[in-house]
Amino acid sequence: MARHNREGTGADQRGFEYRVGYQPDWLRLVKVTRILESGRQSTKTLYRNPQRSREAEPGDRVRTRIESADQGLDVEVSVYDPSSRITRLRVACTVDTSEGGAEEIEFMIEGALAAPR
């Protein structure tokens, strides 16, 4: 039986703080990709699940929430996966910039936490 979601925190390349709500028996890590001022693309691990293996079966839905009050971002992804086949989700979002424009950031949500030994 799936366990209740947990919460973790992290910061991205520009120092924006995030809160991640995740399934402890599915999520391995969340990465964030942005374009830096130099024009280069940068990917950073935003949050890594401290558990190395799952304690229970993850359930039939993959669900992850990513929030950043600093950027006015609150996104939750929920995907029905009764066969436990999903290993990665990519979510692209647009956020406002301090210059009054907008930029796209991408989250890579990686799952398939290892079975217990």
Side-chain angles (χ1 to χ4, degrees):
M1 177 176 201
R3 298 183 299 146
H4 294 290
N5 275 16
R6 305 286 189 266
E7 282 194 357
T9 59
D12 70 9
Q13 302 90 324
R14 295 198 179 148
F16 290 110
E17 296 290 325
Y18 293 83
R19 186 169 59 200
V20 177
Y22 64 96
Q23 293 167 283
D25 295 309
W26 183 80
L27 184 90
R28 283 189 320 110
L29 59 89
V30 177
K31 293 181 180 181
V32 60
T33 300
R34 331 180 65 112
I35 303 299
L36 301 177
E37 289 84 7
S38 66
R40 295 193 58 182
Q41 178 178 300
S42 173
T43 299
K44 180 180 179 191
T45 298
L46 184 64
Y47 180 77
R48 183 180 305 276
N49 187 346
Q51 288 185 203
R52 297 293 177 221
S53 63
R54 63 181 187 246
E55 292 179 16
E57 289 299 315
D60 62 0
R61 291 203 184 275
V62 171
R63 188 173 63 246
T64 305
R65 184 175 184 180
I66 302 171
E67 300 174 79
S68 174
D70 297 339
Q71 299 175 96
L73 181 71
D74 187 353
V75 176
E76 183 171 354
V77 177
S78 178
V79 180
Y80 182 62
D81 182 28
S83 301
S84 297
R85 302 223 182 238
I86 294 175
T87 58
R88 181 179 305 133
L89 298 169
R90 295 175 83 145
V91 178
C93 303
T94 302
V95 295
D96 296 331
T97 65
S98 58
E99 297 83 29
E103 74 171 311
E104 185 176 275
I105 57 176
E106 182 178 278
F107 299 99
M108 177 90 65
I109 304 167
E110 295 187 19
L113 201 60
R117 295 179 189 216

Grouping I, L, V, M, F, W and Y whenever their side-chain heavy atoms are under 4.5 Å apart, do [X] and [Y] come out in a common cluster?
X	Y	result
Ile35	Phe16	no
Val75	Val32	yes
Tyr47	Met108	no

Working to the nearest 0.5 angstrom, can you tell me the gap between [X] [atom1] and [Y] [atom2]?
X	Y	atom1	atom2	result
Asp70	Ser98	CG	OG	12.0 Å
Leu46	Thr9	CG	OG1	9.0 Å
Arg63	Glu76	CZ	CD	6.0 Å
Asp60	Ser83	CG	OG	10.0 Å

Could you check whether any side-chain heavy atom of [X] comes within less than 4.5 Å of a side-chain heavy atom of [Y], counting everything from C-beta outward?
X	Y	result
Asn49	Arg28	no
Leu29	Ile109	no
Asp74	Arg65	yes
Glu55	Pro24	no
Arg34	Val95	yes

Verify, without hydrogens or angle tests, whether [X] (side chain) and [Y] (backbone) share a donor-acceptor contact under 3.5 angstrom.
X	Y	result
Asp25	Arg54	no
Glu99	Gly101	no
Lys31	Glu106	no

Tyr18 and Phe107: aromatic ring centres closer than 6.0 Å?
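Yes.
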Looking only at heavy atoms, which two atoms of [X] and [Y] are closest? And how far apart?
X	Y	result
Glu104	Ala92	CD-CB, 3.9 Å
Arg52	Ala114	O-CB, 3.9 Å
Gln13	Leu36	CB-CD2, 4.1 Å
Ala102	Thr94	CB-CG2, 3.6 Å
Asn5	Gln23	OD1-CG, 3.2 Å
Tyr22	Val20	CD2-O, 3.7 Å

Side chain to side chain contact (heavy atoms under 4.5 Å, CB included) evaluation trace for Leu73 with Ile105
CA-CA 11 Å; Leu73 181 71; Ile105 57 176; 4.3 Å; yes
Taking Arg3 first and then Glu57, would you say they form a salt bridge - that is, a charged N and a carboxylate O separated by under 4.0 Å?
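Salt bridge flag = no for Glu57 with Arg3.
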So, Glu110 and Arg48, do they make that salt bridge, N to O below 4.0 Å?
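Arg48 and Glu110: not salt-bridged.
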Apply the side-chain contact (heavy atoms from CB on, under 4.5 Å) test between Trp26 and each candidate in Leu113, Thr87, Ile86; give the one that qualifies.
Ile86
Asp81 and Arg61: salt bridge (Lys or Arg N to Asp or Glu O under 4.0 Å), yes or no, with the steps?
CA-CA 5 Å; Asp81 182 28; Arg61 291 203 184 275; over 6 Å; no
Residues, nucleotides or ligands: over 12 heavy atoms within 6.0 Å of Arg19 CZ:
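No - once you tally the heavy atoms of other residues, nucleotides and ligands closer than 6.0 Å, there are 12 at most.
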